[in-house]
2 protein chains.
Amino acid sequence: MATGSGKFPQMHPVPGFRLGTACAGIKTPGRKDLVVMELSESASVAAVFTQNAFCAAPVTVAKQHLESATPRYLLINTGNANAGTGETGLADAQQSCEVLAELQSQLSTKALPTKVLPTKVLPFSTGVIGEPLPMDKLLAGIPEAVKALDENGWADAAEGILTTDTRPKGASLQFNLDGSKDLLTITGITKGSGMIKPNMATMLGFVATDAQIDPELLHRALHLVTNKSFNRITVDSDTSTNDAVVLAATGASGIVIDESSFEQFVAHLEKVFIELAQSIIRDGEGASKFVSVVVDSAVDSAEAVKVAYCIAESPLVKTALAASDANWGRILAAVGRAGVDNLDVSKVSISLNDVLIVEQGGRAACYSEQAGEQAMAAEDITIQVSLNRGTAAETVWTTDLTYEYVRINAEYRT
Amino acid sequence: MATGSGKFPQMHPVPGFRLGTACAGIKTPGRKDLVVMELSESASVAAVFTQNAFCAAPVTVAKQHLESATPRYLLINTGNANAGTGETGLADAQQSCEVLAELQSQLSTKALPTKVLPTKVLPFSTGVIGEPLPMDKLLAGIPEAVKALDENGWADAAEGILTTDTRPKGASLQFNLDGSKDLLTITGITKGSGMIKPNMATMLGFVATDAQIDPELLHRALHLVTNKSFNRITVDSDTSTNDAVVLAATGASGIVIDESSFEQFVAHLEKVFIELAQSIIRDGEGASKFVSVVVDSAVDSAEAVKVAYCIAESPLVKTALAASDANWGRILAAVGRAGVDNLDVSKVSISLNDVLIVEQGGRAACYSEQAGEQAMAAEDITIQVSLNRGTAAETVWTTDLTYEYVRINAEYRT
């Protein structure tokens, strides 16, 4: 189950960014499960990682490598998360970087004189937790992935990073800065369907642009847009051990993003990020609804987010959504337990897809069950909550909770 | 679905405490849905209520009444929560108290000269949220319930307060204080199955004792035992708008509980409360497992509770439990996202029913999938997490997450 058309978009290649995908047989023979991404030497890179204290081995290694060098390669496998694997897991992640670096160093002797250090490779893994990485298969797959490196490799890579996802997820746009005719490109892919409540990042997301932008500014941009996209979604309130988002700027366009054009750049980047984050929710495990929870007129952003997540994570609200039942009492109960200081419940109003259901803390005078049912019949539902005590507004996107969700997660390892 | 035998226990009557139950047809004709409880004039009463900001009308009225008088009557209906009902709801709750008080004042002219004030009645409602209370049926049922008042009315009352519960829930014990041969009785009933994450109280609980104890000490006892019972359970992380627990001490035994005997009294009271709280989890919506989450060697109690709830509320942990899948990676991920400051993950160990599955933050050397499967096959599962950073320990009880849970909650209003 999933919502929306799920059509994979046209992916504009990003000059200076190549992707290669292989079938390494890590979990399932014959499926794309290993991806190598190559960045031009001049690229800037920014990344954010899971806040889960039990972060996976590749997350630990990627963070260390990022501190000591600017990445040239990203190495991603699906089928195994290399999480909860202790010292062996760290050594495996490290070795996979070494093997890729060594292979590229051999190639580089012809064209480029520089040796590729292992610290210039960032490893990423996703899949089942707690099982050792099948290193023989993974290492054997690297040359095939490297051989496939191509600026048009986005669609294959989008497939090569999936786990329980039912479809690949991508977003791509081109735009020009005010007063310029030169096109800039932003293209990205993501994966994720369950264990989705990213905290600083989602399961995995890789976005590239050919803009030229210094690393500090790039990181500021990544932080801003992640907080409006991947950090505003939840399927099941479970933060993964492997979340990571990488943003690379190859600079190949020669167009410089500085303070004066930063805002324009971020606005377009945010579009791509929101589209990617929403595509995870549209493909959320067992999802039959795409739900936007909008909380407005809150005292501040944190309060709006807190209330929105309390609704978005309520199993009772989510099962009512699955049944297309306008059970507004459950939404109201979720608002009430969100821990808002001195909430005046008599000021709260709630709408479902523009049908006002609660006003002044009780059932709206104009509300009819029929109107509620009609609103709930839609696949895309917006729950709008007005606290009427401030000016802040935030949106969180989520799914409903269906039999299918339980089936997928009860059967995941069997 | 439910776990355990569910056998309703022998209920020792509490002298000075009578219960009467009626079929008022509030939601379903012919089922017990209205209960009156009568306390002796000398009784002390303590109560705790939901912390949900959207508390139901009867909760608001009960709190007001408690401030101005010592209760003589409790009036409980099921089938309708009288929540989200605004001014009408408050007026309805108030009127139901007035009608019961007036009826008892008329009766009292013969035996007792005192008029029963409406403030001496506490109203309680449970059931669907957001629909007006059917006052004609409720009021018409009161005389029948009053007529049935009896010290042996516990079993009928336990049925008369249920909603989606599949069975009545009670606990009862008798004991004597050290050095005394006179028996004291503690008997109570509770209800609750969904929207269960009590915050200061559960859905509804009514406990009586014939001990003589002043109101302040009684409230201290209630607070202590609630924090170890009803405030340590979760079915679905949703705090209800109607939660309330009442503890009445009739004093009919003539045995005084003071500071010297307080600890003994609380120890027995806690047994009754934990049995009642656990009976809610055993009858949790769709439950096929009874799960105790024990977190030990934490820095303090709050930290242990935080980690325990993070595990107990994780949909991924709960679906794995439903499938009897020893998916310890999900437990580990839940510990990791619980927000423990400076958690040294390499010190964490986890056991499932005495099978060590995680040590030093990774899979235990001695662990086998077969041992994990064997542990998970049991109906009662204990997940024990050792943080190894302090001396505090806490237990939270929860259910698994099954298809049946989704079915019940998707169909609740239809």
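First the proteins, then the strands, lettered A, B, ... as listed; each starts at 1.
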- Measuring from A:E285:CD to B:L316:CG, what's the distance to the nearest 0.5 Å? 7.0 Å

- If you round to the nearest 0.5 Å, how far is CD of A:E87 from CD of B:Q360? 9.5 Å

- Side chain / backbone / both / neither for B:T402 at chain A, heavy atoms under 4.5 Å: backbone

- With a 4.5 angstrom heavy-atom cut-off, could you sort out which part of A:V340 is near chain B: side chain, backbone, both or neither? neither

- Scored by heavy-atom pairs under 4.5 Å with chain B, the best of A:S346, A:G130, A:A323, A:G362 is A:G130

- Are A:V406 and B:Y405 close enough that some pair of their side-chain heavy atoms sits under 4.5 Å apart? no

- Note on the structure: Here the gap from A:R363 atom CZ to B:I129 atom CD1, rounded to the nearest 0.5 Å, amounts to 12.5 Å

- Those residues that, when tested against A:T85, pass side chain to side chain contact (heavy atoms under 4.5 Å, CB included) (two or more places apart): A:A57, A:N82

- Message: Can you tell me which of A:V345, A:D400, A:L401 forms the most heavy-atom pairs within a distance under 4.5 Å of chain B?
- Response: A:V345

- Message: Surrounding CD of B:E404 (heavy atoms of other residues, nucleotides or ligands, distance under 6.0 Å), is the total greater than 12?
- Response: yes

- Note on the structure: Residues passing the salt bridge (charged side-chain N to carboxylate O under 4.0 Å, His left out) test with B:D165, sequence neighbours excluded, are B:K169

